[in-house]
Amino acid sequence: MTPRDASDDKPGHSDDSSGSRWSDLDRPPLNSAALRRALVRQGGLWSSLDVVSAIGSTNTDLAGRADRLPEGAVLVAEKQDAGRGRLDRTWTAPARSGLFFSVLLKPGEVPVERWGWLPLLTGVAVATGLSRAAGVDTALKWPNDLLVTVGGEERKAGGVLAERAGAEGVVIGIGVNVSLREDELPVPGAGSLVLAGALTTDRDPLLRAVLRSLEGWYGRWRAAGGDPSVSGLQEAYAAGCATLGRKVRAELPGDRSVVGEAVAVDGDGRLVLATEDGMQEPVGAGDIVHLRPV
């Protein structure tokens, strides 16, 4: 696949009525050529990197082409019109205000039953990369929400969505609020890197840091056959997970809920709750509400 820019004939379009990509000087466009030079290299994971000005959903677009693309394709959007989060929630943000991208992975040598660790792995990689590049303390809410602290309050600044794609692939979508101001936040409880005191809101080095971190973690996990313990992933996730040690409510499919203390993340990536009746219940899917601060 030949790399293309936001201005190329791609499933995107310019959303700037003035015709200038520099209409908001606080939010310059990504430098796709420089990103490709830094990230797409022989022997590396990332095989292509395309930036589009606008698109419905990077996950949907990349998933639709998964069988025709090699592993490591990266699709970045300056703006998403139909971005999605977990549980089919919408994700909206002003153009060039964050990082909105998807990657295609094909871990064929890893047993499929271990692929459930991929969104957690991505969460660790994103948190690690952003902490290094932006100097912001980040934490993970199980399974893969990125949390930052704004004025002493814990807020969600990003998230991860993983979906099976094609015959042998997984598309992982990442969304991170970078420069959103308080009056631009889509919902109460949302946050951004700038509100958390980021040292930089330059998205080029932030994206490079995240993709390099993801390449490193994915390589270790894949080399270990997807084993979360041998690769160090399970330990790293637990160390960065703000959910552990807290009283939470798990809202489960079928209108069922469980309340308990989050005590562990097991070998399958499930959150283990210790309930008041002395039972330990693993939660593999659902929405987690933090009830007690750390």
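What you see is a predicted model; the values in this text were computed from it and never measured.
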Which heavy atom of [X] sits nearest a heavy atom of [Y], and at what distance?
X    : Y    : result
P70  : L104 : O-CD2, 3.6 Å
F100 : A93  : CZ-CB, 3.7 Å
A236 : V124 : CB-CG1, 4.2 Å
G191 : N177 : O-ND2, 3.1 Å
L193 : V136 : O-CG2, 4.2 Å
A242 : E154 : CB-OE2, 3.9 Å

Report, one line per pair, each donor and acceptor closer than 3.5 Å where one atom sits in a side chain of residues 204-213; sequence neighbours left out.
| from | atom 1 | to | atom 2 | distance (Å) |
| --- | --- | --- | --- | --- |
| D204 | OD2 | N31 | N | 3.1 |
| S213 | OG | A125 | O | 2.9 |

What residues form a side-chain hydrogen bond (donor to acceptor under 3.5 Å, both in side chains) with [X], not counting sequence neighbours?
X    : answer
R249 : E251
E281 : R256
S131 : T138

**OP:** With sequence neighbours excluded, tell me which residues meet salt bridge (charged side-chain N to carboxylate O under 4.0 Å, His left out) with R41.
**Re:**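 Applying salt bridge (charged side-chain N to carboxylate O under 4.0 Å, His left out) to R41 gives E215.
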Contacts of type salt bridge (charged side-chain N to carboxylate O under 4.0 Å, His left out), residue D67, not counting sequence neighbours |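 Partners of D67 under the salt bridge (charged side-chain N to carboxylate O under 4.0 Å, His left out) test: none.
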Report task. Give every residue pair that meets the side-chain hydrogen bond (donor to acceptor under 3.5 Å, both in side chains) criterion with at least one member in residues 99-116, sequence neighbours excluded. Result ->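 Only T58-S102, N59-S102, E109-R222 qualify under side-chain hydrogen bond (donor to acceptor under 3.5 Å, both in side chains).
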Notebook entry, point to check: Can you list every side-chain hydrogen bond (donor to acceptor under 3.5 Å, both in side chains) pair that touches residues 267-276, not counting sequence neighbours?
Noted result: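 Pairs touching residues 267-276 that pass the test: D266-R270, T275-D277.
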Listed partners of [X] passing side-chain contact (heavy atoms from CB on, under 4.5 Å), at least two apart:
X    : answer
K141 : D145, L147, T243, I288, H290
V150 : V148, R155, L195, A196
E184 : R27, P94, L180, R181
V230 : A224, D227

**Asked** How long is the span from the OH atom in Y237 to the CG atom in L120, to the nearest 0.5 Å?
**Response**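 If we round to the nearest 0.5 Å, Y237:OH and L120:CG are 4.5 Å apart.
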- Rounded to the nearest 0.5 Å, how far apart are CD1 of I55 and OG1 of T60?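 One finds 8.5 Å between CD1 of I55 and OG1 of T60.
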- Message: I'd like to know whether L244 forms a side-chain contact (heavy atoms from CB on, under 4.5 Å) with V263, so could you lay out the CA-CA distance, the side-chain angles of the two residues, the decisive distance to 0.1 Å, and finally the verdict.
- Response: CA-CA 6 Å; L244 293 179; V263 295; over 6 Å; no
D255 atom CG, over 12 foreign heavy atoms within 6.0 Å:
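Count not over threshold, so no.
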(message) What I want to find out is whether E235 reaches R220 closely enough, with some N-O distance under 4.0 Å, to be called a salt bridge.
(response)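 Salt bridge flag = no for R220 with E235.
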| said: Between E163 (side chain only) and A63 (backbone N and O only), is there a donor and an acceptor less than 3.5 Å apart? | reply: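 Side chain of E163 to backbone of A63: no pair is present.
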